[in-house]
2 protein chains.
Amino acid sequence: MDENIQSEYQKLDRLLEHRSRFAICALLKRYDKMAFSRFKQLLKETDGNLGAQLRKLEDAAYIVVEKEFQGRKPVSWYQLTEQGRAALRSHLEGLEALAS
Amino acid sequence: MDENIQSEYQKLDRLLEHRSRFAICALLKRYDKMAFSRFKQLLKETDGNLGAQLRKLEDAAYIVVEKEFQGRKPVSWYQLTEQGRAALRSHLEGLEALAS
DNA sequence: AAATATACTCTATATTTTAGAGTACTCTGC
DNA sequence: GCAGAGTACTCTAAAATATAGAGTATATTT
């Protein structure tokens, strides 16, 4: 049984260890599309920090951005990719198995 | 409902974000006492890294160490404190609530 | 028209993680 | 009885990561 610990531990995803990145993916799993400003409102991170975390998730192809203008204001919409969804699932499985 | 997201997010514990520290606490919840060498075997981290993570958890009083000799070999035994147990519980609640 | 706000990006510093070397032994085989 | 390998750590310095704050461009409010 203990030997499973190793495989569960291996499932943990370094990108998803970070609270903001985890929360971003978890929220996107629930809400499908979210805007930068909404994340900022919910997570209360500084713009710089939030932007950096989103960028990392994008670089890893866990999320995709679509930038559009609403009137004259720029809005960035974020969505979870299939890859991001799978990574989140696996990460959660690992966490839960370890803590069970 | 969304306003709960903030409180769940706040529950996430920075110390427990790290995979090794999370796994250490999760294992100690299960096994009560574990030795350095056992963690090393299960988590496959280098000695230096594992030692550093254990130290951080100790500094935060999430775990306590007892150092003894088994024959002539030093063995460090780690145990979860009540504080560590509470932190782990709260962290897990936060994660699960966010991802649900 | 000045002040405040939104929606970001960029950059530089602070913090954290990590690997690897070092210490102090023990144990095994020759 | 001593060389080589192993155990059980700690220490240190470099690499990676996180974070804050400044900057850009525009909008809205007073």
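Lettering of chains follows the sequences in order, A, B, ..., and the numbering in each one begins at 1.
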(message) Hydrophobic cluster membership, with links at side-chain heavy-atom distances under 4.5 Å among I/L/V/M/F/W/Y: are A/Val65 and A/Val75 in one?
(response) no
(message) With clusters defined by side-chain heavy atoms of hydrophobic residues (ILVMFWY) lying less than 4.5 Å apart, directly or transitively, does B/Val64 cluster with B/Phe22?
(response) no
Take the protein atom [atom1] of [X] and the nucleotide atom [atom2] of [N], then report the distance between them rounded to whole Å.
X: A/Gln70; N: C/dT6; atom1: CD; atom2: C1'; answer: 12 Å
X: B/Phe22; N: C/dT17; atom1: CZ; atom2: P; answer: 16 Å
X: A/Phe69; N: C/dT6; atom1: CZ; atom2: P; answer: 17 Å
X: B/Lys40; N: D/dT10; atom1: NZ; atom2: C1'; answer: 13 Å

When you measure from the side-chain N and O atoms of [X] to the phosphate of [N], is any distance below 4.0 Å, counting only OP1 and OP2?
X: A/Ser76; N: C/dC8; answer: yes
X: A/Ser37; N: C/dA7; answer: yes
X: B/Lys67; N: D/dT10; answer: yes

(message) Looking at A/Arg19 and B/Asp13, would you say the former's side chain and the latter's main chain have a donor-acceptor pair under 3.5 Å?
(response) no
(message) Quick one: does any side-chain atom of A/Lys29 pair with a main-chain N or O of B/Ala99 as donor and acceptor, under 3.5 Å?
(response) yes
(message) If the threshold is 4.0 Å, N to carboxylate O, is there a salt bridge linking A/Glu17 and A/Arg14?
(response) no
(message) How would you summarise protein contacts on nucleotides 15-30 of chain D per nucleotide, using B for base, S for sugar-phosphate only and - for none, with heavy-atom distances below 4.0 Å?
(response) --SSBBB----SS---
(request) Write down the partner of D/dT30 under the Watson-Crick or G-U wobble criteria, each distance required to be under 3.5 Å. (result) C/dA1
